[in-house]
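Everything on this sheet refers to the single structure shown next.
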Amino acid sequence: MRHVPMFLLGFALSLLPATASMTDAIELSTATVVVHDGRETSGGYVAATVLVEELEKRTGIRLPVSTRWPESGPVIEIVAGKKEAPRKFDPLFALLTKPESYGISTTFAARTPPSPDASNIMILGADARGALFGVGHLLRKLEWRQGSVTLPAPLNVTCVPEYPIRGHQLGYRATANSYDAWDPAQYDQYIRELALFGTNAIEAIPVQDERPIVGKTPREEMDAAMSTICDKYGLAFWVWTPATFDLNDQKLRAESLAEFERLYKQWKRLDAVFFPGGDPGDNPANLVMPYLDDLSAILAKHHPKAKIWVSLQGFDETQVDAFYAWVNAHHPVWMGGVVAGPSSPSIRDTRVRLSSEYGIRHYPDITHVVRAQYPAHWIDPAFAFTLGREPVNPRPVFYRTVHNNLAPYTSGFLTYSDGIHDDVNKFVWSALGWDTQADLREVLMDYSRLFFGPDVAQGAADGIFALERNWEGSLALNGAVDATLAHWQGLEATAPQLAGNWRWQMNLLRANYDAYVRHRLIHETALEEEANARMLEAASAGANYAMDAALAALQRADTEKVRPELRQRVEELCAALWKSIGFQTSVEKYQAIAPERGAVLDYVDYPLNNRWWLEDEIAKARGMATEEEKVAHLRMLAMWEHPGPGSFYDDIGNVAQSSHVIRSEPVNSLVEPDRATVPDFMWWDSGKRRVRQSWMSKMDWPEGLRYLGLDPEADYVLRTTGLSQCQPRANGERLAPTLDGKEIGEIKEFPIPKRLHRERVLTITFDVPYEPGINWRQASRLSEAWLIRK
């Protein structure tokens, strides 16, 4: 499919006769909204209702809606398709070349006879969606305040969507960290707001995860409501429906088909069914495709135009081949295409193998930060351990890279989201799906103007960019984190009226949380270094004294609180978000289903040094038989990250302690953002296992380690920790281990022949172990590396 980007056709509109004098600003506080089809279900009337209601919420002004032009005053005229248009609009429809496109003109006005005392706006949609998207465009550009609404400058554009699928998954289920607290009215409002930025599809999750939800609306009732809401706004309604049973079981298979038919009957609208091959589900392609063939017949009975899309998530190479063999043999007309998501074959490979008659829907994970399809690249472990997988996570610059690099292979996207914490990302994706060349700052200005108001729009847009930059590089060295907080505190002081706005609250939460974590990190790192110094005194002052002094230093993290006002503000904002939007930032306090699901409040005081591990190791030392053993053990602990002159240490997954790790191209210019080599962070004991934090951060595998300025006459040993196998090469030559610990924290050692570093340079690379069938949690990996000069 050839895609046409957004383009300006104001010049074409300007050739049409003008009938109103224009000033730079257009005052609309007394405007009449004119539609030509007054039925409540007509596209023009729906778009007009959205415009009127959204302006009233922001200004207190309710503009009248009429099917006739008023005798005087400004007019906002909305036309949804040729069926709703008077004949005089027919020439303009030639400018709208695709479904969903729209034009907005402040130059052309349809008043007859002309009235020189009023400025008019015309919104012309190629169809009902186009009219709604045109209203969204206008709302994003208006300057609104209590009692006034103004278009600050003339607007003459024609806009055509670049990609036909632009949607988001909003599953009402326990796994979500906020959606499951909503009622139908909140879903209606959120879906409407997404549509104002060009979203045209919403996906529900009706049959998976039977754990209790937070909200009072039964799940089945809410899914039906979402279908009705989508129908009201003319948006596509998708459902995500896996098969988590063995499709060989004919009884369960028949029951499943019957259950889907029961649901299909309930939904007013259904445009597509997404069936994941895996995650969840564990059925081979030769069972999945015949099952979907049977399902398609049921679907066609109740929603004849609906298509089925299937993902290859979790399929091994044999199963992928079986899928393509079945499709090529049967050419199913019911299949819309393939969904490419986490653990799927690459989008590029899929496009090569899939017949052009089928589309590809990108299923990007925009909701998770770590242990994710698109993790935050080189995020400081202090954030990974406290913010976890689902914090407030605006990543506009990074996701522009992801979207624009992969979109050309696709028909568009429906994102994976499990809550409102990724709100900015949804709107960025929607805007880019409409126009990949959209000015990203203007997108965030539109977002901020619409949701926060024109007076803080520029500052809020810049503040959102700053939050993304908070995650770049070493947190301790990133003084911009405090500047970001100061920026948001300044905005907060100028806009007290936004205190109850949940989007505003989310940005303030991140700004305060980030700064609090940074100051704790600096403080607790210093306490660990003090504890190390005390342990090194064991040889002279005695092991018992050294252990007591080291523990006392570590325990000052409890008694010497840093920036308690930030800690208190985090508490307040988490409480406010629970009240305003049902954001579940704590398992105990706010009903989060699990610690990984947005429960950032439960980790706000998580240790940011190796305190737990050191406490346990010191306890081991106390039980040792001799003073010599105790002193030696304490020295080993204290020197863990300090191997001595001429030696080097890297915590492989820690951006602040991995100076020898060879990194890929800059994060926002990645050619293959779904295949980048970046650190990740393990999740043991709800993130609270008492191990060295360097063992929880890891890579599988780094591109390499590079050491410069080595002594050509010295003997060096490569030492590593990680899990299972490690197969290093030094300047291309495979190294053999003399120690080969396999478990977490156990040491491996590889002597390096002198001849390999005669040029004073050493590059260590790693062969990736062949481990078919091994779950990623048990796969071999690297955590730490030392180059020890003997």
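These figures come from a predicted structure and were not determined experimentally.
Contact of the T415 side chain with the P364 side chain is registered, since non-hydrogen atoms from C-beta on lie closer than 4.5 Å. No side-chain heavy atom of L406 sits less than 4.5 Å from a side-chain heavy atom of F413. A 4.5 Å side-chain heavy-atom check between V717 and I752 finds every atom pair outside the cut-off. Looking at heavy atoms from C-beta onward, L710 lies out of side-chain contact with V761 at the 4.5 angstrom threshold. Put simply, the side chain of K698 does not reach to within 4.5 Å of the side chain of I652, judged on heavy atoms. For the pair R371/R777, no side-chain contact is recorded, criterion being any heavy-atom separation below 4.5 Å from C-beta on. Taking the side chain as every heavy atom from C-beta outward, S658 and R663 approach each other to under 4.5 Å. The closest side-chain heavy-atom distance from N512 to L485 is below 4.5 Å.
Ion pairing between a basic and an acidic side chain is recognised when a charged N comes within 4.0 Å of a carboxylate O; R719 and E749 show such pairing. With respect to the salt-bridge test (charged N to carboxylate O, under 4.0 angstrom), the residues D349 and R353 do not qualify. The pair R611-E615 counts as a salt bridge, with a side-chain nitrogen and a carboxylate oxygen less than 4.0 angstrom apart. For R469 and D462, the salt-bridge test fails: no basic side-chain N is under 4.0 Å from an acidic carboxylate O.
The ring-ring contact (aromatic ring centres under 6.0 Å, His included) check on Y363 picks up F274, with sequence neighbours excluded. Qualifying ring-ring contact (aromatic ring centres under 6.0 Å, His included) partners for Y649, counting only residues two or more places apart in sequence or in other chains: W786. Take N393 and apply the side-chain hydrogen bond (donor to acceptor under 3.5 Å, both in side chains) test, not counting sequence neighbours, and it matches N425. Partners of K742 under the salt bridge (charged side-chain N to carboxylate O under 4.0 Å, His left out) rule, at least two apart in sequence or in another chain, are D740. Residues satisfying the salt bridge (charged side-chain N to carboxylate O under 4.0 Å, His left out) criterion with D423, sequence neighbours excluded, are R503. R758 pairs by the salt bridge (charged side-chain N to carboxylate O under 4.0 Å, His left out) definition with nothing, not counting sequence neighbours. A search for ring-ring contact (aromatic ring centres under 6.0 Å, His included) contacts involving F766 returns W701, not counting sequence neighbours. Contacts of H487 classified as side-chain hydrogen bond (donor to acceptor under 3.5 Å, both in side chains), with partners at least two apart in sequence or in another chain: none. Every residue meeting the side-chain hydrogen bond (donor to acceptor under 3.5 Å, both in side chains) condition with N610, not counting sequence neighbours, appears here in chain and number order: E528.
E759 CD: 12 or fewer foreign heavy atoms inside a 6.0 Å radius. Around atom CD of E565, more than 12 heavy atoms belonging to other residues, nucleotides or ligands sit under 6.0 Å away. Counting heavy atoms of neighbouring residues, nucleotides and ligands inside a 6.0 Å radius, atom OH of Y707 exceeds 12 of them.
In the model, R510 has no side-chain atom that pairs as donor or acceptor with a side-chain atom of T484 under 3.5 Å. Side-chain contact, E784 with W695: a donor N or O sits under 3.5 Å from an acceptor N or O. No donor-acceptor contact under 3.5 angstrom links the side chains of N404 and T436, judged on distance only. Judged by distance alone, the side chains of S694 and N654 never bring a donor and an acceptor atom under 3.5 Å apart.
Looking only at distances, no side-chain donor or acceptor of R400 sits under 3.5 Å from a matching main-chain atom of H403.
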TODO: Under the side-chain contact (heavy atoms from CB on, under 4.5 Å) rule, what do W471 and L387 come out as? Steps first, then yes or no, please.
DONE: CA-CA 11 Å; W471 287 355; L387 287 170; 3.7 Å; yes
Open item on the list: Please determine whether salt bridge (charged side-chain N to carboxylate O under 4.0 Å, His left out) holds for the pair E617 and R692, giving the CA-CA distance in whole Å, both sets of side-chain angles, and the decisive distance to 0.1 Å.
Closed with: CA-CA 10 Å; E617 290 296 322; R692 279 193 62 83; over 6 Å; no
Task: side-chain contact (heavy atoms from CB on, under 4.5 Å) assessment of S724 paired with E771 - done: CA-CA 11 Å; S724 195; E771 299 175 314; 4.0 Å; yes
Open item on the list: Show, in sequence, the C-alpha distance, side-chain angles and deciding distance for K630 and E628, and conclude whether the salt bridge (charged side-chain N to carboxylate O under 4.0 Å, His left out) test is met.
Closed with: CA-CA 5 Å; K630 294 177 182 179; E628 289 75 14; over 6 Å; no
Task: side-chain contact (heavy atoms from CB on, under 4.5 Å) between I662 and L705, intermediate numbers included - done: CA-CA 6 Å; I662 300 170; L705 304 167; 5.9 Å; no
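With values rounded to the nearest 0.5 angstrom, M506 atom CE is found 10.5 Å from L467 atom CG. Once rounded to the nearest 0.5 Å, the distance linking CG of N731 with CZ of R755 reads 10.0 Å. M535 contributes atom CE, which lies 5.0 Å from atom CG of L614 (distance to the nearest 0.5 angstrom). How far OG1 of T410 is from CZ of R348: 11.5 Å, rounded to the nearest 0.5 Å. Atom CG of residue L723 and atom CD1 of residue I744 lie 4.5 Å apart, to the nearest 0.5 angstrom. Taking NE2 of H660 as the start and CZ of R706 as the end, the distance is 11.0 Å to the nearest 0.5 Å.
Closest approach of P769 to S780, counting heavy atoms only: CG-CB, 3.9 Å. Minimum heavy-atom separation, R518 to N478: NE-O, 3.2 Å. Closest heavy-atom contact between E524 and N609: O-ND2, 2.8 Å. For the residue pair T677 and P702, the shortest heavy atom distance occurs at CG2-CA, 3.9 Å. Heavy atoms only, all atoms of each residue included: A384 and I379 are closest at CB-CG2, 4.4 Å.
The aromatic rings of F398 and Y374 sit perpendicular to each other, their planes meeting at more than 60°, with 30° as the lower class boundary.
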Donor-acceptor contacts under 3.5 Å from residues 598-608 side chains, at least two apart:
{"residue": "D602", "atom": "OD1", "partner": "S586", "partner atom": "OG", "Å": "2.7"}
{"residue": "D602", "atom": "OD2", "partner": "V587", "partner atom": "N", "Å": "2.8"}
{"residue": "Y603", "atom": "OH", "partner": "S686", "partner atom": "O", "Å": "2.5"}
{"residue": "D605", "atom": "OD1", "partner": "Y516", "partner atom": "OH", "Å": "3.1"}
{"residue": "D605", "atom": "OD1", "partner": "R567", "partner atom": "NE", "Å": "3.1"}
{"residue": "D605", "atom": "OD2", "partner": "R567", "partner atom": "NE", "Å": "3.0"}
{"residue": "D605", "atom": "OD2", "partner": "R567", "partner atom": "NH2", "Å": "2.9"}
{"residue": "Y606", "atom": "OH", "partner": "G687", "partner atom": "O", "Å": "3.1"}

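Sorted by first and then second residue, the ring pair (Phe, Tyr, Trp, His ring centres under 6.0 Å) pairs involving residues 519-550 (not counting sequence neighbours) form an empty list. Applying the ring pair (Phe, Tyr, Trp, His ring centres under 6.0 Å) test to every pair with at least one member in residues 712-739, sequence neighbours left out, gives these pairs: Y716-H757.
Residues W640 and W613 bring their aromatic ring centres within 6.0 Å.
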